[in-house]
Amino acid sequence: MTHSIGIIGTGNISSAYLKIARELGLFRVAAITDLDPARAQAQASAHGSHAVTLDELLADPEIVAVVNLTPPAAHAAMSLAVLNAGKHVYSEKPLATTREDGQAILAAAQARGLRVGCAPDTFLGAGLQTAREVLDAGRIGRPVAATAFMLGGGPEGWHPDPEFFYQPGAGPLFDMGPYYLTALVNLLGGVTRVGGSAVRAHAERVIGSGARQGQKVPVQTPTHVTAQLTFDGKELESGPVATFIASFDVQASEVPRIEIYGTAGTLSLPDPNTFGGPLRMRAAGSDAWDTIELTRPFQDNARGIGLADMLEAIDSDAPHRASGELAYHVLDVMQTTLDSAEAGRTLDVQSRTERPAALSARPAWLPAGMV
């Protein structure tokens, strides 16, 4: 079945959703809206859709689901508006910027029998799903620990309006953390405890490009965050542990993106903000890394496959993978990290989640010939 969907927000990421809509053929973008009508019209014209007002989009009876591509601070209010209009919602990350807003979204969906999906869906790509296959097959033994690093110098060097990156609910943790934490939960399971530390290197940042080059913006959130994560060990005495660092204060680094350390080897993962490889493994006793061939689809930019999986799950009455519950757990872990840093002690994570089901090598909704 081809579903009609709407898109709210026409930033750069909207083109990726419009592209995957054409390639998969599982859903069509019936309407697009934006605070700037001219931007909405440009995207609609370029992709064979229609530019409408927000009220018109929410009132359209043919639209069954809406993609929320508004700025993070507006995610909660817009997702609630979509749910109140009786439509499923799929949001860009993060689900919300506070636990209370995230809980309100999930409660509204449950009350109305609707679905909530949320990016990132990069964990459904070829690189991280092949890593899941390797891990589940026991090729590195029992996972014991992991490290994850998102280290950079901050977006003000290239972004012409970087203020929102430095407001509460943003920073490196909320901006990039969902990619890394979702990947880790997909591989290791839910997080049960967090020990966090957080610092702010500069009180102001200087815009490095565009019409506002040289202007300063205030920094109102931590810009270097470290989290010590403990995962649910299930039947084991203790679960795996991981160290995650997210920073806008690192000018150069040579550390890997994510590594998983098992009793029989190490798995080196690709950038979780991408869909492909490289994926490498080094077995215990080996003196070389082996590159692992990717066995799952979606090696290129395929943002929107989480939405496709959600729509298919609605038709088949099955759980979807990039779920609101998973996104809420990631939000809870991030907020608990900051709470722990402020409290100066390790804190329990109150939410629980299971690993999403692995994506098959050939999902039912994948068109023939598409890889």
Side-chain angles (χ1 to χ4, degrees), residues 16 19-20 22-26 117 119-148 178-190 231 240 242 256-313 316 318-323 326 353-371:
K19 175 177 177 288
I20 204 70
R22 292 194 307 271
E23 293 176 349
L24 291 178
L26 181 64
D121 55 6
T122 48
F123 77 97
L124 298 175
L128 294 177
Q129 283 295 306
T130 302
R132 170 74 176 264
E133 179 186 28
V134 169
L135 202 67
D136 290 353
R139 292 177 61 183
I140 66 166
R142 175 173 63 85
V144 175
T147 53
Y179 295 105
Y180 288 77
L181 293 169
T182 302
L184 289 171
V185 171
N186 172 59
L187 294 167
L188 301 177
F231 292 82
R257 299 289 187 173
I258 301 178
E259 289 185 343
I260 309 292
Y261 311 114
T263 55
T266 295
L267 195 60
S268 180
L269 278 65
D271 182 347
N273 192 18
T274 64
F275 288 81
L279 178 65
R280 300 187 303 149
M281 190 185 86
R282 184 165 174 173
S286 174
D287 59 0
W289 289 89
D290 295 322
T291 298
I292 298 175
E293 181 181 0
L294 303 184
T295 60
R296 293 294 186 264
F298 307 116
Q299 296 189 32
D300 299 323
N301 186 359
R303 295 175 197 274
I305 56 174
L307 170 63
D309 180 65
M310 185 180 84
L311 294 172
E312 176 66 19
S316 59
H320 60 287
R321 294 170 175 83
S323 67
L326 172 61
T353 193
E354 300 292 330
R355 293 197 306 167
L359 192 65
S360 70
R362 197 74 198 173
W365 41 267
L366 184 64
M370 185 175 179
V371 297

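The environment of R257 atom CZ is sparse: at most 12 non-hydrogen atoms of other residues, nucleotides or ligands sit within 6.0 angstrom.
Across all non-hydrogen atoms, the minimal contact from L188 to P143 is CD2-CB, 3.8 Å. Closest heavy-atom contact between T130 and E293: CG2-O, 3.7 Å. Closest approach of A131 to L187, counting heavy atoms only: C-CD2, 4.0 Å. The two residues A145 and P240 have their closest heavy-atom pair at N-CB, 4.4 Å. Residues P319 and A313 come closest through the heavy atom pair O-CB, 3.8 Å. Taking both residues in full, the closest heavy atoms of A148 and I258 are given as CB-CG1, 3.9 Å, listed atom of the first, atom of the second, then distance.
In this structure, CG on N301 lies 8.0 Å from CD1 on I20, to the nearest 0.5 angstrom. Taking CG of L26 as the start and CG of L307 as the end, the distance is 8.0 Å to the nearest 0.5 Å. Taking CG of D300 as the reference point, atom CZ of F275 lies at 10.0 Å (rounded to 0.5 Å). Taken to the nearest 0.5 Å, the CZ atom of F298 stands 6.5 Å off from the CG atom of L359. Atom CZ in R321 sits 10.0 Å away from atom CG in N186 (nearest 0.5 Å). Rounding to the nearest 0.5 Å places CG of D121 at 11.0 Å from CG of L326.
S360 meets the side chain to side chain contact (heavy atoms under 4.5 Å, CB included) test with P363; sequence neighbours excluded. In terms of the side chain to side chain donor-acceptor pair (under 3.5 Å) criterion, residue partners of T147 (sequence neighbours excluded) are, by chain and number, Y261. Residues meeting the side chain to side chain contact (heavy atoms under 4.5 Å, CB included) test with A284, sequence neighbours left out: none. With sequence neighbours excluded, no residue forms a side chain to side chain donor-acceptor pair (under 3.5 Å) with Q129. Applying the side chain to side chain donor-acceptor pair (under 3.5 Å) rule to R139 yields no partners; only residues at least two apart in sequence or on another chain are considered. Residues that satisfy the side chain to side chain donor-acceptor pair (under 3.5 Å) test with R280, not counting sequence neighbours, are absent from this structure.
Annotation: side chain of E259 is not in contact with side chain of L269 (no heavy-atom distance under 4.5 Å). Proximity of D136 to R355: side-chain heavy atoms (C-beta onward) are separated by under 4.5 Å at one or more points. No side-chain heavy atom of T182 sits under 4.5 Å from any side-chain heavy atom of P272.
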Exercise for review: Please assess R282 against D290 for the test side chain to side chain contact (heavy atoms under 4.5 Å, CB included), listing each intermediate value before the final yes or no.
Suggested key: CA-CA 6 Å; R282 184 165 174 173; D290 295 322; over 6 Å; no
Review point. Would R303 and T122 satisfy side chain to side chain contact (heavy atoms under 4.5 Å, CB included), going step by step from the backbone distance to the final call?
Key: CA-CA 7 Å; R303 295 175 197 274; T122 48; 4.0 Å; yes
Practice item. May I have the step-by-step check of side chain to side chain contact (heavy atoms under 4.5 Å, CB included) for I140 and L135, ending in yes or no? Key: CA-CA 7 Å; I140 66 166; L135 202 67; 3.5 Å; yes
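For the side-chain contact (heavy atoms from CB on, under 4.5 Å) test with I260, the passing option among V134, T266, L184 is L184; the others fail.
At least one donor-acceptor pair closer than 3.5 Å links the side chain of T263 to the backbone N or O of R142.
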